[in-house]
Amino acid sequence: MQTLGVPNTQPKFSLLIDDSQTLTYLELFKQAVTLALIDVQTLSASNYQEFRNVFVTQTKAVSEPQFEEIVSLVDFIPGATTSQMMVALGTISKKNALGGITALVAYTVPGALILTILGYWYGKYPDPRDLNILVFLAIQGIKSSTVALILQLLISMAAKSINNKMHIALSVLSAALFVAYQQPYVLILTMMMGGIITIMVEYDAENTIGRRTFVKEYTATPAVINDPKLINKKNSHKISQLFGNKSFHLYSVILLLLLYLNSQYQSMILDLSLSFYNIGTFMIGGTPITLPFMYAETVLNPLYINADAFWLGFGLAAALPGPYLNFAIFLGTHSMGIYGGVSCWVAIFVPSVLQIWGLLPHWSNFRKNIYLAKFKEGVISVAIGFLATAVYYGWVDACKYDLSTATVISFLSLVYVSLLNFNSPAVLTLGAALFIIRYLALWYYRELDPVIF
C-alpha cells in the first residue's frame with residue numbers, strides 16, 4: 001500500500017528560477033522609469049514596497065524569496081540602496097548583467113540629465129548674487145527646505161538604528177570628530193573604529209565572545225544553484241560565484257587604474273573621480289551617508305565647489321526622479337563641466353553595481369554572522385553623527401543671507417514633511433515660494449529695503 005507523505009525539506013531556489021517571467025528590455029526600462037518617478041513622492045531612502053509591487057506582484061519577474069534575499073543584502077552592504085536594488089532586480093528580471101545596467105540607466109538617467117543641465121547653468125554664476133533676484137531668493141528658499149529634508153532623513157535613520165547608549169555615544173563622538181578633523185580618511189577610519197568598538201563592548205558585555213558566528217540555516221535556501229539553462233553553458237550568469245568574483249576583480253582593477261592615473265596626471269576630474277569612487281565604496285548605511293563625505297571632498301576643498309551649489313544640488317536631486325546619488329553629476333558639472341559631471345556620476349555608481357553583483361552569490365554564507373551585524377550597527381551610529389554635523393553645516397549655509405527667514409522656512413518644511421507627509425518637490429517649492437513672498441512683502445507692502453546681499 002502506497003502512503004502519502006509531506007516532504008520535510010523546502011526546495012532550493014536560485015536567483016534566477018525557471019518559473020519567473022523574463023522581461024524584455026523595453027518592459028524593464030518602463031518599469032524602472034516608473035519607479036524613478038515614484039521615488040520623488042517619498043523621502044524614504046529605500047522604497048522596498050514599491051519595488052516589490054512592480055517586480056514581484058505585477059510583472060512576476062522576481063520571486064518573493066529572491067526579493068527578500070536582495071533586501072537583506074542591500075540593507076547590509078555599502079552602496080546606494082535603491083540603485084543596488086534596481087541593478088539586482090534588473091539582472092534577475094532579464095537574466096543577464098545587461099538587464100541590471102538597463103534598469104539602473106532607466107532609473108537614474110532622467111533625473112541625471114536634468115541635474116546636468118542645471119549644474120552647467122549654475123556653474124556660470126560663481127557668485128549666486130549675480131543671478132536674477134527672484135531666482136536668487138528661490139535658491140535660498142530651496143536650501144532652507146533642503147535642511148529639513150536632510151534632518152528628516154537623519155531622524156528616520158536614528159529612530160531605526162540608535163538602540164542603546166553605546167550607539168548614542170558613538171554618534172556624539174563622531175559628530176565632534178567631524179567638526180575637529182574634516183578629512184575624508186578620518187571619517188572612514190572613525191566609521192571602522194565605531195564598528196570594532198561596538199563588537200568589542202557589546203559582545204564582551206553579553207559574554208558571547210567565542211560563540212559560533214556562522215549559524216547554519218536549516219530551512220533557508222542557498223542564494224545560488226547551478227542552472228544550465230541560463231546565459232552561458234558553463235556556470236551561466238545567474239549572479240554566480242564566478243561572476244561575483246569577476247565583479248570584485250573589476251572593482252580592484254578600476255581602483256588601481258584610478259590611483260595610477262591620479263599619480264601620473266594632475267587633473268581635477270581624475271582627483272574627484274577617485275574621491276567619488278571611494279565614497280561609493282564606503283557608503284555604509286545608505287545614500288544619505290554620502291553627504292558628509294561629499295562635503296569633506298568638495299566644499300572643504302575650495303578648488304572644487306562652493307557650499308551654495310552643494311546644498312542646492314542635493315535639494316534638487318531629492319526633488320527629481322531617481323536616487324539621491326544623482327547629486328554627484330550636479331557637483332561635477334558645476335565645477336568641471338559636462339565631462340567632469342559624467343565622470344563623477346559614473347565613479348560613484350560603479351562600486352554599488354560591482355558590490356551587489358559580487359556579494360549576492362556569497363550572501364547566504366554571511367547573512368547570519370552576528371559580528372558583521374554588530375559591526376554595521378557601530379558604523380551606522382558613527383555615520384549618523386556625521387550626518388548630524390552635515391545638517392548643521394547645511395543650516396549655517398542656508399542662513400548665510402537671512403538667519404531668521406531661513407530658520408523659519410526650515411522649521412516649516414520639517415513640519416510639512418514630518419507631520420503633513422509632503423513630498424520633496426512640494427516641500428522645496430513651498431520653501432522657494434515662502435522666501436520670495438517674504439521679500440516681496442518687505443519691498444512692496446512695508447516699503448522696506450532689506451539688505452540681503
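The first residue in the sequence is number 1, and the count goes up from there. Just so you know, these numbers use all the heavy atoms, side chains as well, and skip hydrogens, waters and symmetry mates.
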**Item:** Close side-chain approach of I196 to F375, heavy-atom, < 4.5 Å
**Value:** yes

**Message:** Please determine whether side-chain contact (heavy atoms from CB on, under 4.5 Å) holds for the pair T190 and F178, giving the CA-CA distance in whole Å, both sets of side-chain angles, and the decisive distance to 0.1 Å.
**Reply:** CA-CA 9 Å; T190 306; F178 188 20; over 6 Å; no

**Ionic contact status for E68 with R52, cut-off 4.0 Å** = yes

**Request:** Give the intermediate values and the outcome of side-chain contact (heavy atoms from CB on, under 4.5 Å) for residues L291 and V391.
**Result:** CA-CA 9 Å; L291 267 179; V391 172; over 6 Å; no

**Message:** Would you say that F293 contacts M191 through its side chain, given a criterion of any heavy-atom pair below 4.5 Å between the two side chains?
**Reply:** yes

**Main-chain N/O of L137 paired to Q140 side chain as donor or acceptor, under 3.5 Å** = no

**Request:** Would you check, one step at a time, whether the test side-chain hydrogen bond (donor to acceptor under 3.5 Å, both in side chains) holds for S352 with Q355?
**Result:** CA-CA 5 Å; S352 295; Q355 284 167 359; 4.9 Å; no

**Item:** Y324 side chain reached by L153 side chain, heavy atoms, under 4.5 Å
**Value:** yes

**Asked** What heavy-atom pair brings I142 and A432 nearest, and what distance separates the two atoms?
**Response** CG1-CB, 4.0 Å

**Request:** Could you tell me the separation between the CG atom of L187 and the OH atom of Y181, rounded to the nearest 0.5 Å?
**Result:** 13.0 Å

**Message:** Closer than 3.5 angstrom, by distance alone: can the side chain of H334 be matched with the main-chain N or O of F330 as a donor-acceptor pair?
**Reply:** no

**Complete:** dist C344:SG -> L274:CG (nearest 0.5 Å) comes out at 11.0 Å

**Y401 and F136: CA distance, side-chain angles, deciding distance, ring-ring contact (aromatic ring centres under 6.0 Å, His included) verdict** = CA-CA 11 Å; Y401 298 106; F136 173 80; 5.1 Å; yes

**Item:** Distance (rounded to the nearest 0.5 Å) between L118 CG and L113 CG
**Value:** 11.0 Å

**Request:** Apply side-chain contact (heavy atoms from CB on, under 4.5 Å) to the pair T82 and F51, showing each step before the final yes or no.
**Result:** CA-CA 9 Å; T82 53; F51 283 84; 4.3 Å; yes

**Item:** Pairwise salt bridge (Lys or Arg N to Asp or Glu O under 4.0 Å) hits with a residue in residues 387-397, at least two apart
**Value:** K143-D397, D397-K400

**Request:** Search all heavy atoms of S335 against all heavy atoms of L272 and return the closest pair with its distance.
**Result:** OG-CD1, 4.2 Å

**Message:** With no hydrogens and no angle check, just 3.5 Å: does a side-chain donor-acceptor pair link T91 and W357?
**Reply:** yes

**Request:** Of all the heavy-atom pairs spanning L23 and A61, show the shortest one and how long it is.
**Result:** CG-CB, 3.8 Å

**Message:** What verdict does the side-chain contact (heavy atoms from CB on, under 4.5 Å) test give for V427 and L149, after you've listed the backbone C-alpha separation in whole Å, the side-chain angles of each residue and the deciding distance to 0.1 Å?
**Reply:** CA-CA 8 Å; V427 171; L149 300 185; 4.0 Å; yes

**Request:** Please check if the side chain of S144 supplies one atom and the backbone of I409 the other of a donor-acceptor pair under 3.5 Å.
**Result:** no

**Asked** Is the closest side-chain heavy-atom distance between E50 and T34 below 4.5 Å?
**Response** no

**Message:** Quick one: does any side-chain atom of N262 pair with a main-chain N or O of D271 as donor and acceptor, under 3.5 Å?
**Reply:** yes

**Parallel, tilted or perpendicular, as decided by the 30° and 60° cut-offs, for the rings of Y295 and W311** = tilted

**Asked** Hey, what do you get for CG (L258) to OG (S343), rounding to the nearest 0.5 Å?
**Response** 9.5 Å

**Prompt:** Between F349 and W345, how do the two ring planes meet: parallel, tilted or perpendicular, split at 30° and 60°?
**Reply:** perpendicular

**Message:** Ignoring hydrogens and geometry beyond distance, is a side-chain donor-acceptor pair present between Y439 and D402 at under 3.5 Å?
**Reply:** yes

**Prompt:** Donor-acceptor pair, T59 side chain versus V54 backbone, under 3.5 Å?
**Reply:** yes

**Message:** Looking at every heavy atom in both T389 and V179, which two are closest together, and how far apart are they?
**Reply:** CG2-CG2, 3.7 Å

**Fill in**
In short, I329 meets A112 closest at the heavy-atom pair CG2-O, 3.7 Å

**Request:** Evaluate the ring planes of Y416 and F422, with Trp represented by its six-membered ring, and classify them as parallel (under 30°), tilted (30 to 60°) or perpendicular (over 60°).
**Result:** parallel

**Prompt:** Is there side-chain contact between L104 and S83, with at least one heavy-atom pair below 4.5 Å?
**Reply:** yes

**Prompt:** So, E377 and K374, do they make that salt bridge, N to O below 4.0 Å?
**Reply:** yes

**Prompt:** Between W121 and L131, is any pair of side-chain heavy atoms under 4.5 Å apart?
**Reply:** yes

**Asked** Going by heavy atoms in the side chains, are W395 and T407 under 4.5 Å from each other?
**Response** yes

**Request:** Determine yes or no for a side-chain-to-main-chain donor-acceptor pair under 3.5 angstrom, with N306 supplying the side chain and A309 the backbone.
**Result:** yes

**Asked** If you look at every heavy atom in T333 and G119, which pair is closest and at what distance?
**Response** CG2-C, 3.9 Å

**Asked** Just how far is it from atom CG of N53 to atom CD of Q31, taken to the nearest 0.5 Å?
**Response** 11.0 Å

**S171 side-chain N/O to V382 backbone N/O, donor-acceptor pair under 3.5 Å** = no

**Prompt:** Got a sec: does the CD of Q264 have more than 12 other heavy atoms crowding it under 6.0 Å?
**Reply:** yes

**Item:** Sub-4.5 Å side-chain heavy-atom contact between K94 and T102
**Value:** no

**Prompt:** Pairs in or reaching into residues 248-272: which pass ring-ring contact (aromatic ring centres under 6.0 Å, His included), with residues at least two apart or in two chains?
**Reply:** Y251-Y277

**Distance, nearest 0.5 Å, that separates CG of N278 from CG of L255** = 6.0 Å

